[in-house]
Trainee: 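Here it is: the structure, laid out below.
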Amino acid sequence: MNGEKGLFRNQNAGFTALASPVRREIGNRSSTRSFCVDDNDLEDGKASKERESSAQSLRLPKIQNQALLSGLAYCISSCSMILVNKFVLSSYGFSAPVFLMLYQNIVSVTIVSTLSLSGAVPTEPLTWNLIKVWLPVNIIFVGMLITSMFSLKYINVAMLTILKNVANVLTASGETYFFKKQHGTQVWVALMLMIISAVAGGITDLSFHAVGYIWQTLNCVLTAAYSLTLRHVMDSAKQVTKSGNLNELSMVLLNNVLSLPLGIILVLGLNEMEYLLQTSLLRMPEFWLVITASGVLGLGISFTSMWFLHQTSATTYSLVGSLNKIPLSIAGIVLFNVRTSVQNSLSILFGLLAGVFFARAKLRDNSPTL
């Protein structure tokens with residue numbers, strides 16, 4: 001999920017997507033990973049060539065209507081990642097979110113390593129110098145994933161989507177304070193609308209859970225810290241690689257490999273092992289199938305986003321990512337029978353539209369041609 005830079009058909013778009021991830025998961029994995037940061041870092045695009053080389057090096061499928069199919073694949077993978085994680089944590093009642101993160105990372109490392117060894121995708125060798133440079137941002141990355149898991153357990157998907165907008169506010173403020181980056185009036189207006197929607201949504205949230213909101217607040221801080229730190233670490237990391245570059249899949253592999261020992265320590269330190277030895281869920285084959293699918297989906301966000309960016313422009317990618325949150329929020333409410341009110345629904349809709357406005361404003365900010 002993990003920090004990534006833009007490839008655009010229109011090179012004048014001047015836009016970088018860090019996601020995910022994240023989105024997207026998370027981080028971006030959607031809300032938590034792969035694109036670990038949602039759309040809070042649609043920055044100046046100075047490393048667009050990195051994603052171009054990364055996407056071009058992949059053996060993208062040669063089929064018709066690739067723009068439409070890649071967009072659908074990206075939307076489905078990013079939405080599914082959050083919904084599957086929510087299903088595991090809430091519907092199954094799984095109480096070991098750190099272990100879930102650890103297992104998903106193991107799945108990602110296994111797949112990327114296999115593809116790299118087979119020559120299907122290029123990755124940088126994991127040298128000791130590269131690990132030393134990357135470790136600080138990886139610690140933040142792990143914290144971001146874990147807090148996202150904990151918050152997702154207590155907060156419904158629609159409200160989580162709105163609350164994650166707060167990370168955009170923190171990131172934009174950090175860019176201004178640390179990097180002296182100036183944002184236009186429309187960007188700040190959009191960020192203010194995001195704050196209003198988050199506050200209004202929290203006040204009208206019928207399923208309000210204080211613990212979940214605390215975890216999500218911490219997640220927003222870590223998400224912004226990850227985005228801002230990544231900008232600084234990226235330059236240093238490139239200098240210690242053999243190729244002088246660091247593509248997205250190398251970052252995915254690097255983040256997930258380094259997260260494994262940290263994840264094991266946290267599983268033991270938070271006493272999740274006792275729960276894992278007692279729970280009957282780990283004796284259910286279908287449960288293993290579901291959490292394995294969540295790991296595959298998390299990695300899938302990286303591949304589908306690169307495919308989508310290879311077929312479309314920065315504007316399309318950004319707007320689809322923002323609009324994608326609307327069906328995600330609706331699905332989260334319907335699938336998990338979330339109690340809501342008219343006021344809360346309007347707050348969520350207001351926040352989603354503010355996200356679309358923010359994406360457009362950032363693109364205008366970064367490219368006079370849009």
Side-chain angles (χ1 to χ4, degrees), residues 1-2 4-10 13 15 17-39 42 51-52 54-87 104 107-108 111-112 115 120-121 157-158 160-161 164 248-249 252 290 292-336 352-353 355-356 359-360 363:
M1 140 173 189
N2 295 286
E4 59 279 348
K5 304 294 181 180
L7 157 71
F8 314 125
R9 177 177 296 166
N10 176 4
F15 150 79
L18 269 169
S20 136
V22 49
R23 275 179 184 67
R24 283 154 154 98
E25 38 70 49
I26 99 217
N28 90 124
R29 300 180 191 207
S30 195
S31 75
T32 66
R33 84 132 99 313
S34 283
F35 289 175
C36 302
V37 184
D38 284 337
D39 35 18
L42 311 178
R51 171 162 277 180
E52 180 176 2
S54 181
Q56 289 177 347
S57 62
L58 293 177
R59 296 172 183 174
L60 299 173
K62 295 183 179 180
I63 51 180
Q64 295 181 345
N65 300 319
Q66 285 197 49
L68 176 61
L69 292 176
S70 61
L72 288 174
Y74 168 67
C75 291
I76 291 172
S77 60
S78 60
C79 285
S80 299
M81 180 68 198
I82 302 177
L83 296 175
V84 171
N85 278 345
K86 179 65 174 177
F87 181 70
Q104 290 174 343
V107 172
S108 295
I111 295 175
V112 175
L115 292 174
V121 297
V157 172
L160 186 72
T161 302
K164 285 181 71 65
E248 180 185 347
L249 290 177
V252 171
V290 171
T292 300
S294 68
V296 174
L297 286 170
L299 183 60
I301 298 172
S302 291
F303 286 100
T304 56
S305 63
M306 284 191 292
W307 183 22
F308 189 33
L309 278 169
H310 186 67
Q311 300 299 324
T312 58
S313 66
T315 305
T316 302
Y317 177 84
S318 175
L319 291 181
V320 168
S322 298
L323 292 171
N324 193 36
K325 295 178 181 179
I326 297 177
L328 171 62
S329 299
I330 296 173
I333 292 174
V334 174
L335 293 177
F336 298 101
L352 294 172
L353 295 177
V356 176
R360 288 291 299 170
L363 287 168

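Scope of the values below: all heavy atoms of this structure, side chains included, with no hydrogens, waters or symmetry mates.
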Trainee: CD/Q104 to CE/M81 distance, rounded to the nearest 0.5 angstrom?
Mentor: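 With rounding to 0.5 Å, CD (Q104) is 4.0 Å from CE (M81).
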Trainee: Could you state the interatomic distance from OG1 (T161) to CD1 (I82), rounded to the nearest 0.5 Å?
Mentor: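 Taking OG1 in T161 and CD1 in I82, the distance rounds to 5.5 Å.
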Trainee: What I'd like to find out is whether the side chain of F87 reaches to under 4.5 Å of the side chain of L335, using heavy atoms alone.
Mentor: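 Sidechains of L335 and F87: no contact.
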Trainee: Testing the basics here: between F308 and A67, what is the closest heavy-atom pair and its distance to 0.1 Å?
Mentor: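 Shortest heavy-atom contact: CE1-O, 3.8 Å.
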Trainee: Measure the shortest side-chain to side-chain distance between I333 and V157 over non-hydrogen atoms and say whether it is less than 4.5 angstrom.
Mentor: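 No, every pair of side-chain atoms sits at 4.5 Å or beyond.
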Trainee: How many angstroms lie between CD1 in I326 and CG in L353, if you round to the nearest 0.5 Å?
Mentor: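 Here the interatomic distance stands at 6.0 Å.
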Trainee: Taking all atoms of both residues into account, what is the closest heavy-atom pair of V107 and T292, and its distance?
Mentor: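 Closest approach of V107 to T292: CG1-O, 4.2 Å.
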Trainee: Using only atom types and a distance under 3.5 Å, with no angle test, would you say the side chain of S302 pairs donor to acceptor with the backbone of G298?
Mentor: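 No; zero donor-acceptor contacts below 3.5 Å.
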Trainee: What residue among S80, C79, S78 forms side chain to side chain contact (heavy atoms under 4.5 Å, CB included) with L297?
Mentor: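 Looking at S80, C79, S78, the match for L297 under the side chain to side chain contact (heavy atoms under 4.5 Å, CB included) is S80.
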Trainee: In Å and rounded to the nearest 0.5 Å, what is the CG to CG distance from L83 to L328?
Mentor: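 One finds 5.5 Å between CG of L83 and CG of L328.
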Trainee: Quick one: pull up CG in L299 and CZ in F303 and give me the separation to the nearest 0.5 Å.
Mentor: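 One finds 4.5 Å between CG of L299 and CZ of F303.
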Trainee: Looking only at heavy atoms, what is the nearest atom pair of G295 and S108, with distance?
Mentor: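 Taking G295 first and S108 second, the nearest heavy atoms are O-OG, 3.9 Å.
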Trainee: Could you pull out the closest heavy-atom pair between L323 and P327, with the gap in Å?
Mentor: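 Heavy atoms only, the tightest pair is O-CD, 3.1 Å.
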Trainee: Is it true that S70 and Q311 share a donor-acceptor pair across their side chains at a distance under 3.5 Å?
Mentor: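 Per modelled atom types, Q311 and S70 side chains form no pair under 3.5 Å.
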